[in-house]
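Read through the structure below, which is laid out as C-alpha cells, and then see the notes.
Reckoned from all heavy atoms, side chains included, excluding hydrogens, waters and symmetry mates. Both ligands and their constituent atoms are indexed starting at 1 by order of listing. Every value quoted in this text rests on a predicted model; they were computed, and no experiment measured them.
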Amino acid sequence: MPESRVPRPRRYLVCEPTYFTVRYAINPWMHPDVPVDTGLALIQWRNLVRAYRDHGHTVETVPPVPGLPDMVFAANSALVLDGRVFGSLFHAPERRPESSAYAAWFKAAGHDVYRPESVCEGEGDLVPAGRYILAGTGFRTTPEAHREAQEFFGAPVIGLRLVDPYFYHLDTALCVLDPVDPSAPSAPGREANIAYYPDAFSPGSREVLARLFPDAVLATRRDALALGLNSVSDGRHVFLPPRATDLADRLARRGYVPVPVDLSEFLKAGGGIKCCTQEIRS
Ligand code: ARG
C-alpha cells in the first residue's frame, strides 16, 4: 500500500523561451544544424507553467534577453535557500551574461546575490536534499564552487562526480522527490527521497548515494535519456516527461502522482523540466 504523499506549495522562477534556439553546442545533445521550433517550445513551456499553477504553485518570470538562447534554463542561474541567493558563473562563455540578468531580477525582488568566484551552474549542479546539498562536478560546476557553497550556506555539501557527458549537470541524473523535515532525527535514508540514474556517477559517488539514500528510486538509462530525472516534485506530484514511463510506474508505486509534461523541443538543447525551473525557497 503506497504511502500518501503530501504536496507543499512552491515558488518557481522561469524564463519564457522567446529567444530559445540551438546556436552553439556545449553538451552532446546540442546540434546547431537541427532546427528548433521556437513556437512549439513556447507552447510546451506554457503547458509547464500552467501545470505548476494548476497544482497550486506560484510561478514568477524573469524577462528573456535577446541573444541568450539558453536563458530559459532558469535552474542554472542560482541556488536559493532560506531566501539567500548563491548566484552563478557559467562554464561556457556563451552563457556567462545570464548570471547578471538573473542577479538583476533577484536584486529587484529584494535579495542580495552572492556571485561565486568559481564555475557554478546553480541548481543544475547544487541540489538540496534534506540536511545536505548534493553537488555535481565533472563537466560544469567545480569542487571549488562546492566549497564556496558550503561556506555560504553553512550546510554540508556532498560532492558527486558525473562521468557521462549526456548527464553533464547533476539535475539530469538525480532528482529530489521529497526533502525530509530537517528537524527530524537523523537516520540514513531519511534525509530525503530521491531518484537517480546510477551509471551517470563515478563508482565512489555511486557508493555515497547508496549509503545516504538506500531507499532511492533507481532509473533506467532509457528513462534517464528521456531526461526523466530532470523532474520537479512538490512532494506528491512529480512533473516529468511522458516518455519516462518506467520511472513514472516506479514513482506511482511509492505513492507519488506522475504529472507528464512534454518539453521535447528543449531536449535539443539538453534541457528538460527541472532545467526550466528555479525554485525560490524562503
Ligand atoms: N544548453 C544548456 C547547457 O548546456 C542546457 C542547460 C540545462 N540545464 C540544466 N539545469 N540541466 O548549459
Side-chain angles (χ1 to χ4, degrees), residues 12-17 19-34 36 38 41 44-45 48 62 64-65 67-80 86-99 101-102 116 119-129 133-142 145 149 160 162 164-176 195-197 200-201 219 223-233 239-241 244 261 263-280:
Y12 296 131
L13 179 64
V14 298
C15 177
E16 193 175 81
Y19 308 107
F20 172 64
T21 188
V22 174
R23 265 203 293 106
Y24 48 80
I26 55 173
N27 68 51
W29 302 81
M30 300 175 87
H31 302 286
D33 43 322
V34 174
V36 170
T38 304
Q44 293 180 334
W45 180 87
L48 176 66
V62 56
V65 175
L68 297 179
D70 276 338
M71 197 178 160
V72 62
F73 300 118
N76 300 138
S77 64
L79 170 64
V80 186
F86 186 87
S88 54
L89 175 60
F90 284 87
H91 176 72
E94 292 91 338
R95 295 199 67 185
R96 291 217 160 167
E98 293 178 35
S99 299
Y102 277 92
V119 166
C120 187
E121 300 201 351
E123 278 195 299
D125 279 318
L126 300 177
V127 177
I133 297 171
L134 305 180
T137 191
F139 297 100
R140 303 287 179 91
T141 300
T142 59
L160 299 167
L162 295 160
D164 180 332
Y166 279 94
F167 307 107
Y168 54 92
H169 275 145
L170 182 59
D171 73 356
T172 62
L174 177 150
C175 72
V176 171
Y196 66 97
Y197 171 53
F201 297 91
D223 284 350
L225 282 172
L227 287 189
L229 293 160
N230 197 245
S231 292
V232 168
S233 171
F239 303 90
L240 88 182
V261 181
L263 290 193
S264 59
E265 218 41 34
F266 296 91
L267 219 59
K268 295 175 179 172
I273 294 171
K274 173 61 208 170
C275 300
C276 290
T277 313
Q278 165 77 235
E279 184 173 344
I280 304 179

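Among protein heavy atoms, the minimum distance from atom 9 (C) of ligand 1 is reached at Cys275 SG, 2.7 Å. At the top of the distance list for atom 10 (N) of ligand 1, counting protein heavy atoms only, stands Asp171 OD2, 2.7 Å. Annotation: atom 4 (O) of ligand 1 to nearest protein heavy atom, Asn27 ND2, 2.7 Å.
Applying the 4.0 Å criterion to heavy atoms of Arg140 picks out, from ligand 1, the atoms 3 (C), 4 (O), 12 (O). When each atom of ligand 1 is checked for a heavy atom of Gly124 under 4.0 Å away, the hits are 10 (N). Those atoms of ligand 1 with a heavy atom of Met30 less than 4.0 angstrom away are 1 (N). Close approach of ligand 1 to Arg95 is summarised as follows: ligand atoms under 4.0 Å from at least one heavy atom of the residue are 2 (C), 3 (C), 6 (C), 12 (O).
Atom CZ of residue Phe90 and atom CG of residue Leu68 lie 9.5 Å apart, to the nearest 0.5 angstrom.
Here the closest heavy-atom approach between residue Pro69 and residue Tyr24 is recorded as CG-CE2, 3.8 Å. Across all non-hydrogen atoms, the minimal contact from Leu126 to Cys120 is CD1-SG, 3.7 Å.
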Let's go through Val34 and Val22 carefully: what are the C-alpha distance in whole Å and the side-chain angles of both, what is the deciding distance for side-chain contact (heavy atoms from CB on, under 4.5 Å) to 0.1 Å, and is it a yes or a no? CA-CA 8 Å; Val34 174; Val22 174; over 6 Å; no

Between Ser233 and Phe239, is a side-chain contact (heavy atoms from CB on, under 4.5 Å) present by the stated rule, with each step listed? CA-CA 6 Å; Ser233 171; Phe239 303 90; over 6 Å; no

Between His31 and Lys268, is a side-chain contact (heavy atoms from CB on, under 4.5 Å) present by the stated rule, with each step listed? CA-CA 7 Å; His31 302 286; Lys268 295 175 179 172; over 6 Å; no

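For Glu123, the heavy-atom gap to ligand 1 stays at 4.0 angstrom or more. Residue-ligand proximity: Tyr168 is placed with a non-hydrogen atom under 4.0 Å from ligand 1.
Checking Thr137, Thr141, Thr172, Thr142 one by one against Asp125, the side-chain hydrogen bond (donor to acceptor under 3.5 Å, both in side chains) holds for a single residue, Thr141. Partner of Asn76 under the side-chain hydrogen bond (donor to acceptor under 3.5 Å, both in side chains) criterion, chosen from Arg95, Gln278, Arg140: Arg95.
Polar contact check, Glu121 against ligand 1: no nitrogen or oxygen pair lies under 3.5 Å apart. Residue Asn230 has no N or O atom closer than 3.5 Å to an N or O atom of ligand 1. No N or O atom of Thr172 sits closer than 3.5 Å to an N or O atom of ligand 1. For a threshold of 3.5 Å applied to N or O pairs, the pair formed by Ala269 and ligand 1 contains at least one separation below that value.
By the 4.0 Å N-to-carboxylate-O rule, Glu94 lies too far from Arg23 to be salt-bridged with it.
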